[in-house]
Amino acid sequence: MKRTDAPRRTVVPRGRNTRRTTATVGAIAALVSLVLTGCTAGTDTAHSPSPTAKAKATAADEKLTYAQDLRISDAEQHLITLCMRKQGFHYWEEKPLSLEESRPVGYVQDDVGWARKHGYGSRISAKEDRTRLRNPNIAYRKSLSPARRKAFDIAMDGGRDAVVLKSPTPSGGTISKQSGGCAGQAEEMLYGAPEAWFRSDVTVRNLRPLYVDKLLRDKEFTSAVAAWSQCMDKAGHPYPDPDAARQSTRKHSAEQTRAEEARTFANETRIAVADATCARSVSLRSIGARREAHYVGELANKYGHALDAHLRMQRHALALAERTVPART
């Protein structure tokens with residue numbers, strides 16, 4: 001089963017095609033639950049003092065909402081903008097999507113109203129792509145002389161001489177990221193020590209491969225998916241799981257006329273609405289969230305400190321973000 005859509009976050013444009021982040025693992029899992037899609041869910045042991053219960057609470061009850069996560073990203077953009085202007089460069093903050101459009105679409109999507117309006121979010125993704133292509137920061141950097149372009153890069157992320165942060169992943173790979181300039185300064189203001197934040201972020205973002213196979217074989221979860229599938233079959237959409245339903249809406253030509261795109265989106269919406277309706281009817285989200293929290297809890301002894309540190313630094317960043325930028329509407 002393929003990974004699902006990650007939460008949409010404002011990417012800090014660096015004026016280049018990469019963000020100078022490399023990985024030696026096959027695929028880097030985003031910090032997104034397989035089933036939670038950025039929402040919270042209760043657990044039976046949330047008030048227990050055991051390490052496992054603490055990890056479950058961190059994974060579910062205390063996790064930041066996607067709106068809070070988005071506000072941190074907006075604050076990071078704003079801090080970079082202020083810094084770049086102080087360095088003598090133009091810089092434009094990027095907020096292409098509304099809060100509703102920025103909602104992450106995970107493996108389970110049970111908001112029928114959202115699905116009726118956006119399907120699985122294909123038009124939102126297309127809007128993001130168009131905005132990315134028209135990014136004024138990239139055009140501005142290209143307009144600079146070679147010397148000024150080099151100065152821009154140094155101001156942005158420290159250039160080639162910036163400190164390179166490295167951290168091992170739970171599955172054995174290594175991820176590195178260049179840290180410096182205005183981007184590094186913004187991260188430090190938000191999260192504190194860059195190395196500590198990077199280390200905890202890499203760990204937490206890459207925990208999912210350690211438990212995803214167990215979750216996908218979990219009897220309670222697979223029973224709920226089977227019930228979802230039966231519901232979808234009755235609705236005229238015979239798919240074995242939510243990912244198959246979503247993938248079916250992407251089987252079309254990349255180049256479509258307006259009429260073809262309208263028909264494609266109408267089909268996407270019909271399937272997405274049925275998907276959300278069936279997910280809600282069989283409680284797929286709550287079951288999946290509970291079982292996912294269980295498997296994350298099993299990692300508590302080894303990774304509980306990383307989960308706690310990550311949440312603590314996120315809370316620090318959120319507090320600053322709330323004083324820096326308004327909530328996105």
Side-chain angles (χ1 to χ4, degrees), residues 6-24 28 30-31 69-99 101-102 123-167 174-198 201-202 205 254-255 317 320-321 323-329:
R8 298 182 181 92
R9 297 194 59 170
T10 304
V11 176
V12 179
R14 303 293 177 93
R16 279 154 289 183
N17 294 328
T18 66
R19 297 187 63 186
R20 299 193 179 194
T21 302
T22 59
T24 57
I28 303 173
L31 181 56
D69 190 57
L70 191 65
R71 195 165 185 179
I72 293 173
S73 293
D74 288 347
E76 184 177 1
Q77 281 275 295
H78 185 67
L79 292 171
I80 289 173
T81 299
L82 294 178
C83 178
M84 290 296 286
R85 288 176 180 171
K86 288 180 180 178
Q87 298 295 322
F89 294 101
H90 293 297
Y91 194 81
W92 292 264
E93 296 177 42
E94 192 175 349
K95 296 181 182 179
L97 304 179
S98 67
L99 181 63
E101 291 172 327
S102 300
R123 286 182 171 175
I124 297 173
S125 295
K127 180 180 178 181
E128 282 186 296
D129 290 340
R130 290 192 299 270
T131 301
R132 194 174 298 113
L133 290 173
R134 296 194 295 264
N135 188 330
N137 294 303
I138 294 177
Y140 171 70
R141 179 182 177 275
K142 288 181 178 179
S143 73
L144 299 174
S145 68
R148 286 288 288 167
R149 193 177 305 142
K150 180 179 180 180
F152 179 95
D153 293 345
I154 293 173
M156 171 57 68
D157 60 14
R160 297 184 182 277
D161 296 327
V163 173
V164 176
L165 304 177
K166 294 184 179 181
S167 178
T174 300
I175 296 177
S176 62
K177 182 183 76 168
Q178 196 159 315
S179 178
C182 290
Q185 179 179 307
E187 265 196 356
E188 185 170 2
M189 291 177 67
L190 286 165
Y191 299 106
E195 289 188 29
W197 165 248
F198 183 66
D201 195 45
V202 166
R205 285 179 182 272
E255 299 294 332
L320 177 60
R323 298 193 302 268
T324 304
V325 294
R328 197 179 297 194
T329 58

Discussion item. Please evaluate residues K177 and V164 with respect to the criterion side chain to side chain contact (heavy atoms under 4.5 Å, CB included), reporting the C-alpha separation (whole Å), side-chain torsions for both, the decisive distance (0.1 Å), and the verdict.
Written reply: CA-CA 6 Å; K177 182 183 76 168; V164 176; over 6 Å; no
Worksheet item: Checking side chain to side chain contact (heavy atoms under 4.5 Å, CB included) for the pair E188/W197: CA distance, chi angles, key distance, verdict?
Response: CA-CA 9 Å; E188 185 170 2; W197 165 248; over 6 Å; no
Discussion item. Determine whether S102 and L97 satisfy the following criterion, side chain to side chain contact (heavy atoms under 4.5 Å, CB included), listing intermediate values before the conclusion.
Written reply: CA-CA 6 Å; S102 300; L97 304 179; 3.4 Å; yes
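With salt bridges taken as basic N to acidic carboxylate O contacts below 4.0 Å, none links E101 and R123. A salt bridge links R132 to D129: one of the charged nitrogens lies within less than 4.0 Å of a carboxylate oxygen. For R141 and D153, the salt-bridge test passes: some basic side-chain N is under 4.0 Å from an acidic carboxylate O.
Residues Y191 and F198 have side chains not in contact (no heavy-atom distance under 4.5 Å, counting atoms from C-beta outward). Between M84 and M156, some side-chain heavy-atom pair lies under the 4.5 Å cut-off. Looking at S98 and R328, their side chains never come closer than 4.5 Å, going by heavy atoms from C-beta outward.
We find the SG-CD1 distance between C182 and I80 to be 7.5 Å, quoted to the nearest 0.5 Å. Taking CG of D74 as the start and CD of E94 as the end, the distance is 10.5 Å to the nearest 0.5 Å. Atom-to-atom distance recorded for K86:NZ and T81:OG1 is 12.0 Å, nearest 0.5 angstrom. We find the OH-OH distance between Y140 and Y91 to be 12.0 Å, quoted to the nearest 0.5 Å. The distance from the CD atom of E76 to the NE2 atom of H78 is 13.0 Å, given to the nearest 0.5 Å. Rounding to the nearest 0.5 angstrom, the gap separating the CD atom in Q87 from the SG atom in C83 is 5.0 Å.
Across all non-hydrogen atoms, the minimal contact from M189 to L320 is O-CD2, 3.3 Å. Heavy-atom minimum distance, S179 versus G184: OG-CA, 4.2 Å. Taking all atoms of both residues into account, the shortest heavy-atom contact from S176 to K166 is CB-CG, 3.7 Å. In terms of heavy-atom proximity, P194 sits nearest to L165 at O-CD1, 3.9 Å.
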